[in-house]
Amino acid sequence: MHDLLFILFSLLIVVFGVLVVAGKNPVNSAMFLVPLMICVGGLFVLLGAYFLAAIQILVYAGAVIVVFLFIIMLLDMDVEKGRRINSFAAVAGIGSSGATLGLLVLALSRSDLGAAGGGESALQGETIPLGKLLFTDYVLPFEILSVLLLVAMVGVILLSKKKLQ
Amino acid sequence: MNNLTLIIAIPFLAALGMLFLPRREKDLAQQVAMLATGATALLAIALFVKFETGLPGFQFESKIPFAKALGIWFHFGVDGVNVGLILMGAIVGFAATCVSFDEIRDRQKEFYILLLVMIGGILGSFASMDIFMFFFFHEFALVPTFIMIGVWGRGVDKNYATFKITLYLVVGSMISLAGLIALYLQAPEPRTFNMVELAQIFRDNPIAFGQQNLIFPLLMFGFGILVSLWPFHTWAPLGYGSAPTATAMMHAGVIKKFGLYGLIRIAVPMCPEGAQNWLPLLAFLCLGNILYCGFVAMKQKDLNLLIGNSSVAHMGFVFLGIASLTLIGVTGAVLVMVAHGLLAALTFGLSGYLYGQTRTLDMDRMGGYLNQLPFIGAAMVMAMMAGCGLPGFANFAGEAMVFFGAWKAYPFVTTLAVWGALVIGAVYMLRAIRNILHGEENADNKVSLNDAADWRKRAPFALLLATLLVFGFAPRLLTSKIQPSAKAIVDAANGIETRLVEVAQLDAPAKGGETDLNDVE
Amino acid sequence: MNAGLTILEIAVVALGLGVMLLDLWTPTERKRELGLYAAVVVLGILGASFVLDLSGEAFGGMYVLDGMAMFFKRLTLFAMVVVLVMSVEVGDQLKSGIAEYYSLTLFAGAGMMFAASANNLAMLFVSLELITVTFYILVSAQRSQARSLEAGVKYLIIGALSSAVMVYGIALVFGIAGDLTFAGLAAKSAAHSGSLLFLLGVFFILLGLGFKVSSVPFQLWAPDVYQGGITPTSAFLAVGSKAAGFVLMLRLLFVAFPSIAQDWATLLAAISGITILYGNLGAIPQRNLKRLMGYSSIAHGGYLMMGVAAVSAAGQSATMVYLGGYTFTALAAFAVIAIVAKTVEGEDISSLAGLHRRSPVLALAMTLALISLTGLPPMAGFFGKFMLLKSVIHAAEANTAYYWLIAAAVFGVVVSVYYYFNVIRTIFFVEGNNDDAPIEISRPLSFSLFACVAGMLVLGLYPDAVVSFAIEAVGALG
Amino acid sequence: MDIGVEAYLLVSMLLFCIGMAGVLVRRNLLIVYMSLELMLNAANIALVALSRFNDNLNGQVMVFFIITVAAAEVAVGLALIVALYRRHKTAQVNELNSLKL
Amino acid sequence: MDLHSLIWIAFLLPLAAAVAIALFTRGNRQASAGLSIGAITLSFILTAAYSVVTALNQGGAKASEITWLSVNGSAPGDALNIGLGILLDPLSLMMMMVVTGVGMLIHIYSRGYMKDDPGYSRYFACLSLFTFSMMGIVLATNFVQMFIFWELVGVSSYLLIGFWFGRPAAADAGKKAFITNRIGDFGFLLGILLVWSAFGEVSFSVIADDIAHGGNKLVGMGKFGCLPLATLAGLLIFCGAVGKSAQFPLHVWLPDAMEGPTPVSALIHAATMVAAGVYMLCRTIFIFDDCALLYIAAIGGFTALLAALMAVQQDDIKRILAYSTLSQLGYMVMAVGLNGHGEGATAAMYHLTTHAGFKALLFLGAGSVICATHHEQNIWRMGGLRDRMPSTYWTFIVGTAALMGLPPFSGFYSKDSILSAAAPWINGHGNVILFVIALIVAFLTPFYMTRLVCVAFHGGARTDHARHAKESPGVMTKPLWILAFPAVFAGWAGIDAIFADHFGAHAHYDHWYSYIVGPMEHAPFVAAMGTGLALLGWYMASLLYKDAETDPLPEKLGALGFVTTLMRRRFFFDEIYQRVFVAAHDAFASVANWFDRWIIAGLLVRGSHGTTELVGRVVRMLQTGNLQTYAAFSILGAVALVIVFLIA
């Protein structure tokens, strides 16, 4: 079951990923992003990270993509003008990402991570320990993130408010 | 503050103080600068007189920390090698300040600040007993050179010249800096930049030959570029030709000696094996200076280019003296350095005066000026004669010593160098006199000239000439001071040779003939 | 937990919040002054950093306050002061909210200060993101200008890309070593130094930091962003962001992955050398001052990398000292550019023409800054370059690849003379065709300029204390 | 078939590179931005999988931070893109080239 | 105070005068002249006094030195000690007498000759400087000192020859003289270096002792090409003399040097500068091996012949005298080369001494003529001056007779001693060829001198200037009369005995009258030959040039007329040198200049600058402005770094 779900989610992730990237217009891409995020959440569930799966779906599918769609609608841009890509960019982009993939896979193939994953882990239903960790060891980055969110708020206001002094 | 630190501090303090001088007082800047450089020159003369002849070590030492953790100190002191250079630098500095009065009529304040920084820097460099400081102070001159040529310079190539001279100097400095650092790193921890201590360390534990063979050429070519070693010389005539008089005087006269001083003080004694390996090349390249640049000088139409090339040519004698690795040669090289410093300042000062009168230095458009310019003309004849190695001027004594020193090691090079000194030098110097001072006045370019009339205008030239003559008549004033210090350097440089010879004799005891060399130890 | 160690950062963040609050009650015409008050407070915090005896670890080793951290925090605080004063000066260009600009500057500064103390990959990530995200906004803050927005977007996309790469690197490193703390990684990295996946992870993190310090291969954004951004932002980018990148790089390489750093000497030297060449060569044809400074900043990133590439305590201390000098220098240069650009309406080099008449003080400050950037005595830049060169030459005895780095550095200095001196030439030799009206400099800015020049001179003429401090700080790094 | 951590990593790598290709190839800024989200998500997958593999939660904490940061980045980035669109009337990457050389 | 301090004073007085004139009395003509004349007069008196006193005391050689330079390194041979001092022996004292004596008269004569010149003070300053330099050579104790003053003589002659610097010819002549001398000095200095490297010393007495006791160290030092270094050293040192004494091939400067004021010509080309070469050879005679001496003799003989031939066809009165000087110097150099056991050197010095007197007389006489004819120098534009300028004429005749070598004038004795030295049956080192050459010269000398006298003084005046010439004032004629005395009587004073003593040669003086008849006594054939040839020359010339209006010689020679063209054009040496040496230097200079401008400064410097800038522009092309390009480059760069450094 686990394996089957993994294969399903993985395939979907890759397929939707390609669709997002290859989408004709931003709306399409954004729409393909939703199931992708859900599938990623599914993988998190498979890995036992339920809390993160929830956040993933809430934040990404619920918030981020909504904002994307909002903006797309706001700006009223649907189709890219002219050619979507130019050939040089395509060659360079696909070439370099392909090369990166090659490197990563090569590295992966050379590594011996063993077959530890998949089995029963001690990390089951980890929300509480995760919360503890977040508010003890990682409280400082957590607090810094709050500043970061504040910055984001301020920034958005600064960048989008109509009135200029 | 002892005498020596004052010599270095006064120009800087004066420059600093001048920043706050009101801009309106145009002549005040020059007066302050004259006062400062005059005081420096007097102190330098006092230093020279008070210097105890015959002692090999440093005198008038003083030190302030700069970066103790790296072993860098503001550490000043004089020995026989640099005492003459400091005297020369201070005198040239004063003369340069004096001659600028007429020439610089715009932005005086800035000019004299830059000039003072230049003077203070190079004196600091000569006086430094710390290799880092030695380099550090030298670089003070770079930006002033650039700005001075750019703002107050002359000629159509001014812009190109500023960049060319600056870039060359930076290339030279960076290469030599790399060499100096590499040298410093050869000493064991805790490291020091103190040249005396380093010399001692390297004498006791010589640097591995491979390293020496790498460091020495860095220093040789780095310093060489700064001294306009052939074929890295083309910046010099061009730069001097475009520079305002004072800059040319300081640069050709004093600042250029930095590289030579570095070779003598640092490169040769600390990398003796490297020196043995590379100096023959230097001896060969010096012919490029002496002969080639002499020939080039013969072809110049512009007086400043002629003097510039001749100044490059004269550097060849110093290189030859150093390459000889004999006490005679090295002492002579130092003597030539001092003499040429005074001479270059004198010739550039005179040509600057001439330019101020005629607004041209094209020798084809001059002629017969000696009638109108008895003082300047006479001084110029004397300067040109000194330039072609006339006895009575310090240059002759130095060059002769260089020839004596180099003769045994490089007879053919010396032969050609003698030709360069006696014949080629005479050809272009006399040609200059003939075209400028002698002959009939150029009909197309009749000008009325004013001779240097009052003491203020005559003083710099008279001072430089007098110093040249004093050291020319009594070179022992200098050589007796140079000798003990130079001896330590030459012995350090030759120590390895002695050792090699001994080893060779151990290897081949049958060859008992040349035992004379054993006396060296 | 020892949270008190973060007092300096807390103070800066609080100040940022305070400025935002005060903004509400401040009349529009006086909002600009807030920056000055903020600068004064930051100056106070800087002073406090000398008074308070702060050192140790906090948050379970997440946060470390050692000499090096303190060194960088002080640099950042100083940079903030100058940047704030500069932004007061150019405030009229910030029509979309000056107070927000101040507080964002403060937040970014706080991020840099956190970064200086980061001792954990999570901390590294978060503090870097605080800096990066804030800079997205700071770069595009002048949103009435198209080029500011363009620069912002470029910074955004490349920055996000580099963040993504870095995050992936963190993932890989974490995956192999199973730890995020630097101390833990240090213990395990040697064992994994043969694993390509682990090395790729480390390299990816390095790439993310490389973006911050604008080193090859993530250097291309710098000229565009420097040119497009508002001048104080560019200054802060050049100084603060670079400093944060380097402090993290030093910690990461020498605390977390010391054995890998040893193996990577050649790689680091190559990055350093190529960066130096790229920055210096690219700067030759530039006419725009800020763009020139962008290239120059790339070049200096390369020089700073030399100290890292030397993989030695000497190199690290050299990087620190050089960064100190660079901070003063770049700030001074940008401050002059800001003032001049304001009065002449142009950022072309030719706008400096005749500066020596219009304002001898600015001309002097700019000249000294350019000398320092070139690396000539008696300015800080020289001593820094000297230390860098020294460390690399020392390293060259063991690894001949460094000779190329030395050659590149020397060549870079020579080339840099060419374009920096061209600016000096413009200041002094070229007579401006615009009016010769003297340029007024506000008191705070002249104070800042003076402080920068003094800093450059002190580091160049009497670096004893700083050098000792840097050597000591590096010694604590292990 | 035994699904190990390598499989998860392989998926994440694929997603990472798909995202990277999007960033490098697409001209629409919004799609570029979405592609960047793909890259971050790829990292998330890897982190969660490796967190499990390593048997500790630090990786998950990291993912939490990444999601938060991503949200903040998206907010700021989109605001920036909107501001750009307002001025430029375009969100095409290739039209942003007034700053060059 | 030691007695030799007198000579120190005598030595330094002219310098003091020169300095004082330069610094203080430039504006005061009379004071300048007074200082200069006073100084040299005093020098003369002091020298004379010292000579008399030491001769009374029978003092041998004395030296007094101060150290000028002293360097002593620790390596063997790394030592150089140079003194400046005075070496007092008969040789130097006699020479001092000549220099100061003749010089003094010329100084006095100059007062009249230069009286209207605006550069009066400068003239006397230069003259004093010149005198000082010359005395430095004479008194030198070592090679380097000699070289130093050698150079100083060169420069002061430059100043004097180019005294009328406004005239291009004069300025060029000065320059030519200096540079030609410099070429000789080049060899001289190399010779000194070679000698020093062998002996480790430069002092005359030390080296002479060394050779006397230990043999010539140069002999063991090998060869340069096919020349043994010992010979080479001698020849190099001889180069100095070739330059100063204007021997072939460096003779070209001397005739041009006549552009200087006539007293200067008298001073430089009679008594001092050109004599310095011969003096130097005699002073350093110990250094020359037989082979070197042979070369020297050959060069001297060739010069004597060449110059005499050239003199035959010159029209300028001073140039005739100049070539005659050349020829006589060649004689002396030849004599030195035929040294033997000191006979040659004795003869050379003897001739030098007498020649100094009568040649000065001739030059001053010529000057008197030139002055009187308003600076006319062409003898064909004079004529009939005998009656209008009797003092000048008669003293000139005395000088001419001495130069011709007619007994009992001084020239006869000294020339005879040279001829004897050349005659192989008298001097073992003599040489038949050179003897023949000497005889030819002995014939040519009276020929051209008679031509000069006939054309310039006899016959009728050819121009107005000549017609209205007046006798010169007393300040000029008195020195002429004074100089006429030694021209007549110097041969009777036994001067050669002093030199012979010094050089260890045998002097043939047995009776009190042998001073006068000595030559006829010990080598009658030679003396007769000399006298006979002199008379023959005189006779032929007076036949040919009596009442001639133009030079009849080219016609008389018929088919050989081209020879006269060669003589007149000085055998085209100037042209050859111009083509070969000057052009070669010029070509080198042009090549170097071209190379400097186009290859070094152009191709290399501008090229590397341009390349760097070009690379900068190329690098900048990466900066397309497109952020995706940036991203792609970044990723590609990263991949490349990984592949190169992490995988490879």
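Chain letters run A, B, ... following the sequence lines, proteins first, then strands; residues in each count from 1.
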Structural part of Ile131(C) lying under 4.5 Å from a heavy atom of chain A: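 For Ile131(C), neither part sits under 4.5 Å from chain A.
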
Asp92(C) portion near chain A, given a 4.5 angstrom heavy-atom threshold: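 Looking at Asp92(C), nothing touches chain A.
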
Hey, what do you get for [atom1] ([X]) to [atom2] ([Y]), rounding to the nearest 0.5 Å?
| X | Y | atom1 | atom2 | value |
| --- | --- | --- | --- | --- |
| Ser127(C) | Leu145(A) | OG | CG | 10.0 Å |
| Met153(A) | Glu100(C) | CE | CD | 11.5 Å |
| Ile144(A) | Met123(C) | CD1 | CE | 3.5 Å |

Does any heavy atom of chain C fall under 4.5 Å from the side chain of [X], the backbone, both, or neither of them?
| X | answer |
| --- | --- |
| Val151(A) | both |
| Tyr138(A) | both |
| Ser146(A) | neither |

Contacts of residues 192-205 of chain C with chain A (heavy atom under 4.5 Å): Leu196(C), Leu197(C), Leu200(C), Phe204(C)

Close contacts, residues 163-172 of chain C versus chain A, judged by heavy atoms under 4.5 Å: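 Residues of residues 163-172 of chain C touching chain A at under 4.5 Å: Tyr168(C), Leu172(C).
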
Contact winner vs chain C - Pro141(A), Gly155(A), Ser109(A), heavy-atom pairs under 4.5 Å: Pro141(A)

Top contributor to chain C contacts, counting heavy-atom pairs under 4.5 Å, from Leu140(A), Leu108(A), Val156(A), Leu148(A): Leu140(A)

Would you say the side chain of [Y] lies within less than 4.5 Å of the side chain of [X], judging by non-hydrogen atoms?
| X | Y | value |
| --- | --- | --- |
| Phe59(C) | Val139(A) | yes |
| Phe107(C) | Leu150(A) | yes |
| Leu158(A) | Tyr101(C) | no |
| Val154(A) | Ile137(C) | no |

Those residues of residues 94-107 of chain A, ordered by number, that approach chain C below 4.5 Å (heavy atom to heavy atom): Thr100(A), Leu103(A), Leu104(A), Leu106(A), Ala107(A)

For Asp179(C), side-chain hydrogen bond (donor to acceptor under 3.5 Å, both in side chains) partners two or more places apart: Thr181(C), Lys188(C)

